[in-house]
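What follows is a single structure, written as C-alpha cells, with notes after it.
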Amino acid sequence: MAHRRKIQLLTWDVKDTLLRLRRPVGEEYASKARAHGMEVEATALERAFRQVFKAHSRSFPNYGLSYGLTARQWWQDVVLQTFHLAGVQDTQAVVPIAVQLYTDFSSPCSWQLLEGAEATLRECRKRGLRLAVVSNFDQRLDDILAGLRLGEHFDFVLTSGATGWQKPDPRIFHEALRLAQVEPAVAAHIGDSYHNDYEGARAVGMHSFLVVGPGPLDPEVKDSVPQEHILPSLPHLLPALDRLEGASTER
C-alpha cells in the first residue's frame with residue numbers, strides 16, 4: 001500500500017539563499033577605499049575580485065585551512081590581491097582597508113535577508129520540520145545569523161570553516177544527517193549552487209531544491225534540474241515540499 005514519505009529535515013545554504021550582501025563587493029571595497037583616501041573604480045574592483053576569489057579558492061580551498069591559514073588571513077589576501085589587480089600598487093596602503101573589510105563583513109549590518117526568508121523558515125518550523133545550516137562559510141556565520149535573528153530557527157549550523165569539508169564534499173552532508181539522526185530519503189537541501197548544493201545533496205541520497213531567482217535559467221540548470229525542484233523564490237519552497245511528499249511513495 002502506498003503512503004506519503006514525509007520530509008523531516010531541511011538543510012540550508014546561506015549566502016544568496018537566505019541572505020545576501022547589502023551592496024555588491026566592488027561597491028563595498030570602493031567605499032572603504034575612499035574612506036582611506038584612495039579612489040578606485042567599483043567596477044574594476046568587482047571584476048578583479050571575481051578573478052582573485054576564483055583563483056584563490058582553487059589554490060587555497062576552504063579558506064586555506066589545510067595550508068595553515070586562518071579565514072582572516074585568507075580574506076585579507078583576497079582583498080590585497082584584488083586591489084593590486086585593479087591597479088593599486090601600494091600594498092601597505094591597502095592593509096588597513098583589508099582589515100576593515102573583514103570586520104565589516106562580520107557584521108549583520110552588511111547583510112540582508114532575501115525576500116520571504118524569515119517567513120519561510122518560520123512556517124517550516126510550524127510544520128514540525130527540523131532545520132539546519134550546511135554552508136561554505138567561515139567562523140563569522142554564527143554571529144551573522146544571530147544578529148539577523150535567523151540563528152534561532154536552526155537546530156545546528158555546519159560550516160566548511162568549522163568542519164573542514166566544503167560542499168559538495170559528501171562528508172558535510174553526511175554529518176548533517178548524523179547530527180539530525182535521519183536518513184537521506186527524509187531530508188532535503190536548499191541552495192543556490194547547482195554543483196555545490198543541488199548535486200552535492202543528491203549525491204548522498206537527499207532531496208534538493210535549487211534557488212534560481214527571477215532571471216533566465218542557466219542552460220545546465222534548465223537541462224538537468226526538473227521544474228519541480230526549481231525555486232524562483234523562497235516562498236515557492238512549501239508548495240514544492242507538498243508536491244514532493246505527495247509524489248514520494250513506498251510500497
Side-chain angles (χ1 to χ4, degrees), residues 13-114 117 133 135-151 157-167 169 191-193 195-196 213 215:
D13 173 53
V14 174
K15 185 178 180 295
D16 296 325
T17 296
L18 290 171
L19 56 87
R20 65 183 169 214
L21 290 169
R22 288 191 178 275
R23 293 198 293 181
V25 169
E27 290 184 18
E28 196 68 41
Y29 280 28
S31 174
K32 291 300 178 294
R34 281 193 299 273
H36 285 79
M38 184 184 299
E39 286 292 335
V40 190
E41 288 291 332
T43 52
L45 287 166
E46 184 75 37
R47 186 167 54 249
F49 171 78
R50 293 181 184 277
Q51 294 180 43
V52 170
F53 180 82
K54 184 176 182 180
H56 214 52
S57 296
R58 190 185 307 116
S59 299
F60 304 100
N62 200 18
Y63 312 111
L65 299 179
S66 63
Y67 294 85
L69 296 175
T70 65
R72 180 186 293 272
Q73 291 170 324
W74 192 91
W75 277 112
Q76 290 182 4
D77 284 346
V78 167
V79 173
L80 295 177
Q81 291 180 37
T82 295
F83 275 84
H84 181 78
L85 188 59
V88 178
Q89 303 303 316
D90 188 351
T91 299
Q92 287 307 307
V94 179
V95 170
I97 300 173
V99 171
Q100 186 64 54
L101 282 166
Y102 184 85
T103 300
D104 287 352
F105 284 132
S106 304
S107 169
C109 297
S110 294
W111 302 85
Q112 64 183 8
L113 301 182
L114 267 68
V133 166
S135 177
N136 290 348
F137 217 106
D138 58 49
Q139 68 270 19
R140 296 174 291 178
L141 184 57
D142 285 312
D143 288 342
I144 293 168
L145 292 175
L148 294 171
R149 297 186 177 181
L150 287 187
V157 173
L158 290 179
T159 64
S160 61
T163 64
W165 306 317
Q166 270 192 311
K167 294 177 299 182
D169 191 320
D192 72 302
S193 168
H195 180 58
N196 292 337

Measuring from [X]:[atom1] to [Y]:[atom2], what's the distance to the nearest 0.5 Å?
| X | Y | atom1 | atom2 | value |
| --- | --- | --- | --- | --- |
| Leu21 | Glu27 | CG | CD | 11.0 Å |
| Leu80 | Ile97 | CG | CD1 | 9.5 Å |
| Lys15 | Asn136 | NZ | CG | 11.5 Å |
| Gln166 | Leu65 | CD | CG | 8.5 Å |
| Tyr29 | Phe49 | OH | CZ | 5.0 Å |
| Thr159 | Asp142 | OG1 | CG | 7.0 Å |

So side chain to side chain donor-acceptor pair (under 3.5 Å) across residues 51-69, not counting sequence neighbours, yields Asn62-Ser160
Can you confirm whether more than 12 heavy atoms, excluding those of [X], are under 6.0 Å from its [atom1] atom?
| X | atom1 | result |
| --- | --- | --- |
| Gln112 | CD | yes |
| Arg23 | CZ | yes |
| Arg50 | CZ | no |
| Gln89 | CD | yes |

What do the steps show when you test Met38 against Asp90 for side chain to side chain contact (heavy atoms under 4.5 Å, CB included), and what is the final call? CA-CA 11 Å; Met38 184 184 299; Asp90 188 351; 5.9 Å; no
Locate the shortest heavy-atom distance separating [X] from [Y]; write the atom from each residue and the value.
| X | Y | result |
| --- | --- | --- |
| Glu46 | Pro24 | OE1-CB, 3.7 Å |
| Thr17 | Leu114 | O-CD2, 3.6 Å |
| Gly147 | Pro108 | CA-CG, 3.5 Å |

Practice item. Would you check, one step at a time, whether the test side chain to side chain contact (heavy atoms under 4.5 Å, CB included) holds for Leu113 with Leu150? Key: CA-CA 9 Å; Leu113 301 182; Leu150 287 187; 3.4 Å; yes
- Thr103 side chain to Val99 main-chain N or O, any donor-acceptor pair under 3.5 Å? yes
Worksheet item: Are side-chain heavy atoms of Lys167 and Ser193 found at a separation under 4.5 Å?
Response: no
Practice problem: May I ask you to test the Ser135-Leu141 pair for a side-chain heavy-atom distance under 4.5 Å? | Solution: yes
Qualifying residues under side chain to side chain contact (heavy atoms under 4.5 Å, CB included), relative to [X], sequence neighbours excluded:
| X | value |
| --- | --- |
| Ala86 | Val40, Ala44, Leu45, Ala48 |
| Ile144 | Leu19, Trp111, Phe137, Arg140, Leu148 |
| Asp143 | none |

The side chain to side chain contact (heavy atoms under 4.5 Å, CB included) partner of Val94 among Leu101, Val88, Thr82 is Val88
**Study point:** Test item: side-chain donor near acceptor, Trp75 and Asp138, under 3.5 Å
**Key:** yes
Sorted by chain and number, sequence neighbours left out, ring-ring contact (aromatic ring centres under 6.0 Å, His included) with Tyr102 holds for none
Residues passing the side-chain hydrogen bond (donor to acceptor under 3.5 Å, both in side chains) test with Lys32, sequence neighbours excluded, are Glu28, Asp104
